[in-house]
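Some notes on the structure that comes next.
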Amino acid sequence: MYRVKLLAPLLAAFACAAQDTARMEQVIKAQVDGKKFMGTVLVARDGDVLLSKGYGSANLEWNIPNTPSTKFRLGSVTKQFTAVAVLMLEERGKLKLTDTVKQHMPNAPAAWDNITIHHLLTHSAGLPNFTSMPEYGQWQLSGTSPEKTVSRFRDKPLDFAPGEKFSYSNSGYLLLGYLVEKISAKSYTEFVTENLFEPLGMKNSGYDSNEKVIERRAAGYSPSADGTRNAGYVHMSIPHAAGALYSTTEDLLKWQRGLYGGKLISAASLKKMTTPFKSGYALGIRVSEPGGRLRYAHGGGIQGFNTSLVYFPDSKITVVALANLNGQAPDQLTGDLGRIAHGDAIKLSSERQEIKVAKEALAALVGTYQMEGAPIKMMITLDGEQLMTQLSGQPRFPLFAEGPDKFFLKVVDAQVEFANGDAVLHQGGRTTIAKRISDKVEQRKAIPVSAEILASYTGKYQGGPLTIHVTFENGRLMTQVPGQTKFELFAESTTKFFLTAVDAQFEFHRPAGAPAASGLVLHQGPNVVKAERVE
């Protein structure tokens with residue numbers, strides 16, 4: 001009798017865990033089958049691993065499978081390691097977060113006089129992002145020192161006054177890596193290895209290298225219109241403390257348990273690290289509460305790799321997705337798997353049942369909605385009887401009804417719900433409210449422009465890592481980014497053009513009397529890319 005009472009809860013818990021794991025597998029399989037994900041995934045509750053598996057190939061040429069011990073470039077997940085390194089130096093009395101950069105770098109430009117180390121950690125310094133500069137396409141191809149990379153943006157004007165707002169900038173973390181080296185008298189590689197990796201037994205983590213042979217390192221790939229291709233090149237000395245580390249899902253679980261278990265920094269330092277400054281960004285991590293659950297997270301993206309590392313401190317749940325195929329699948333997976341691990345039910349797009357909604361009811365939803373906490377708008381339009389949605393800078397996608405006010409997308413696992421005149425976007429475990437600001441959507445009007453003017457804009461333009469081709473074909477101005485679809489550009493003036501397939505606008509610059517344009521500015525959502533004509 002007593003034995004049954006003791007075992008029943010254990011059996012129920014085991015059955016629940018097995019059911020959760022099976023559902024996790026289904027969610028991952030949907031991304032794998034859709035050719036959106038290959039990599040490794042881990043879900044753990046404290047030290048109890050619920051799921052740890054590899055999917056797809058670490059190397060497509062040799063058909064070598066991904067496994068939990070496969071090593072992936074982390075991209076910007078590196079930033080939390082850099083933040084911990086800085087906090088360690090503070091604990092050792094080598095610096096304070098309130099110190100100005102100039103206290104540790106006397107030759108810093110005058111414009112940096114009010115920039116503190118805390119500003120760098122929280123992306124609020126106003127430093128222009130060096131990876132978005134037109135020259136970055138060439139910089140990324142050659143090895144260089146952190147000091148040299150810093151010199152490339154040190155004399156650029158600030159984007160805003162330090163502390164004024166949040167603006168994600170790799171420059172700040174590159175500068176932090178340079179300061180870690182300067183203050184500790186060790187290379188960044190040595191510092192993180194000796195102080196972070198070795199104490200936690202992270203034997204499969206390190207600073208990536210283009211030259212070294214690293215066992216079980218995955219090759220990186222990118223999707224293209226012609227299928228999967230080898231990713232572009234970046235010398236790993238360039239991202240440095242902003243994105244140059246590699247690791248495995250298993251090592252990252254050691255990292256989460258060590259960091260949040262007090263094995264690296266004090267409780268006071270951890271409190272600093274997890275306290276957001278602006279726009280939910282703390283020190284190397286983003287802090288949010290999707291579904292009312294406190295979450296610390298960061299994603300990463302670099303040539304051939306996308307990553308997502310999530311921790312829920314209250315439940316001690318870790319979710320990691322490391323991909324060697326560029327795309328948004330890791331963020332989507334960590335959102336969905338985190339919800340499943342907490343016992344939430346989720347429904348895949350393929351499992352949703354579409355219903356018919358009257359055209360008049362759909363028309364009432366048309367309008368422009370402003371996303372809360374972000375400079376992004378959601379445009380809802382009606383094409384015939386098909387409701388469409390488009391976020392600033394993104395393509396238009398159809399919305400399918402599963403209720404009079406509830407809709408879902410098929411291209412991504414996302415849902416839009418309309419209530420009280422506003423829209424609510426559910427995606428990846430996150431809920432974002434979009435306030436309706438207009439019952440109309442701005443429609444751009446195309447005007448005719450002479451073939452001579454259109455032809456003057458043809459060429460190859462380079463804006464940071466982005467290469468943009470502009471061609472003149474059968475009387476139409478076309479643009480294409482390598483590996484993506486070619487789109488037509490429509491003129492709204494002799495210098496300003498827009499796309500209809502994607503919410504993006506081009507503005508060309510042609511000096512007076514010059515036969516061709518010298519550059520262009522691409523506006524896509526909140527992003528602005530300045531590109532110079534290189535061919």
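More than 12 heavy atoms of other shown residues, nucleotides or ligands fall within 6.0 angstrom of atom CD in Glu488. A 6.0 Å sphere centred on NZ of Lys496 holds no more than 12 heavy atoms belonging to other residues, nucleotides or ligands. The number of heavy-atom neighbours closer than 6.0 Å to NZ of Lys278, taken from other residues, nucleotides and ligands shown, is above 12. Under a cut-off of 6.0 angstrom, the local environment of CG in Asn474 is sparse, with at most 12 non-hydrogen atoms contributed by other residues, nucleotides or ligands. Within a 6.0 Å radius of CD in Gln138, other residues, nucleotides and ligands contribute 12 heavy atoms or fewer. Glu61 CD: more than 12 foreign heavy atoms inside a 6.0 Å radius. Around atom NZ of Lys36, more than 12 heavy atoms belonging to other residues, nucleotides or ligands sit under 6.0 Å away.
In summary, Arg217 and Asp208 engage in a salt bridge, as defined by a charged side-chain N under 4.0 Å from a carboxylate O. Salt bridge annotation for Asp383-Arg396: present, with a cationic side-chain nitrogen under 4.0 angstrom from a carboxylate oxygen. A salt bridge is defined here as a Lys NZ or Arg NE, NH1 or NH2 lying under 4.0 Å from an Asp or Glu carboxylate O, and Arg293 with Asp344 meets this definition. Salt-bridge check for Arg444 with Glu492: passed, with a basic side-chain N closer than 4.0 Å to an acidic carboxylate O. Salt bridge annotation for Lys460-Glu532: absent, with no cationic side-chain nitrogen under 4.0 angstrom from a carboxylate oxygen.
At distances below 3.5 Å, not a single donor-acceptor pair connects side-chain atoms of Ser142 with backbone N or O atoms of Trp139. In this structure, the side chain of Ser237 engages the main chain of Thr144 through a donor-acceptor pair within 3.5 Å. Glu164 places no side-chain N or O within 3.5 Å of a backbone atom of Ser124 that could act as its donor or acceptor partner. Using modelled atom types, one side-chain atom of Asp422 and one backbone atom of Arg436 make a donor-acceptor pair closer than 3.5 Å. In this structure, Ser279 contributes its side chain and Phe166 its backbone to no donor-acceptor pair below 3.5 Å. A donor-acceptor distance shorter than 3.5 angstrom exists from the side chain of Gln386 to the backbone of Leu399, with no hydrogens or angles considered. Checked by atom type and distance alone, the side chain of Arg352 never pairs as donor or acceptor with a backbone atom of Phe408 at under 3.5 Å. A distance-only check finds no donor-acceptor pair linking the side chain of Asp413 to the backbone of Gln427 [under 3.5 Å]. At distances below 3.5 Å, at least one donor-acceptor pair connects side-chain atoms of Asn129 with backbone N or O atoms of Asn170. Under the 3.5 Å distance criterion, the side-chain polar atoms of Asn66 are matched with a main-chain donor or acceptor of Tyr55.
Side-chain N/O atoms of Thr495 and Glu507 include no donor and acceptor closer than 3.5 Å. Residues Ser438 and Thr368 have side chains that never bring a donor and an acceptor to within less than 3.5 angstrom of each other.
Put simply, the side chain of Tyr233 reaches to within 4.5 Å of the side chain of Asn210, judged on heavy atoms. Between Gln140 and His235 the shortest side-chain heavy-atom distance does not fall below 4.5 Å. Counting only heavy atoms from C-beta outward, the side chains of Val470 and Arg533 never approach each other to under 4.5 Å. In this structure the side chain of Leu174 reaches within 4.5 angstrom of the side chain of Val150, judged on heavy atoms. Counting heavy atoms from C-beta on, the side chains of Leu337 and Val41 come closer than 4.5 Å. Using a 4.5 Å heavy-atom cutoff, the side chains of Val424 and Tyr369 are not in contact. Counting heavy atoms from C-beta on, the side chains of Val310 and Val320 never come closer than 4.5 Å. Annotation: side chain of Leu127 is not in contact with side chain of Asp159 (no heavy-atom distance under 4.5 Å).
Rounded to the nearest 0.5 Å, atoms CZ (Arg154) and OH (Tyr178) are 8.5 Å apart. From Ser518, atom OG reaches atom CZ of Arg510 across 10.5 Å, with rounding to the nearest 0.5 Å. Atoms CG and NE2, from Leu74 and His298 in turn, are 11.5 Å apart once rounded to the nearest 0.5 Å. From Asn420, atom CG reaches atom NZ of Lys435 across 8.0 Å, with rounding to the nearest 0.5 Å. Gln524 contributes atom CD, which lies 8.5 Å from atom CG of Leu466 (distance to the nearest 0.5 angstrom). Here the CZ-CG distance, from Arg73 to Asn324, works out to 11.5 Å after rounding to the nearest 0.5 Å.
A side-chain hydrogen bond (donor to acceptor under 3.5 Å, both in side chains) with His123 holds for exactly one of Tyr168, Tyr173, Tyr281; it is Tyr281. Just one of Phe506, Phe490, Tyr457, Phe487 meets the ring-ring contact (aromatic ring centres under 6.0 Å, His included) condition when paired with Phe497; it is Tyr457.
Partners of Glu473 under the side-chain hydrogen bond (donor to acceptor under 3.5 Å, both in side chains) rule, at least two apart in sequence or in another chain, are Thr471, Lys486.
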How far apart are the C-alpha atoms of Ser76 and Lys79, what are their side-chain angles, what is the distance that settles it, and do they pass the side-chain hydrogen bond (donor to acceptor under 3.5 Å, both in side chains) test?
-> CA-CA 5 Å; Ser76 288; Lys79 290 180 171 65; 2.8 Å; yes

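Minimum interatomic distance between Pro330 and Thr307 (heavy atoms only, all atoms of both residues): CB-C, 4.0 Å.
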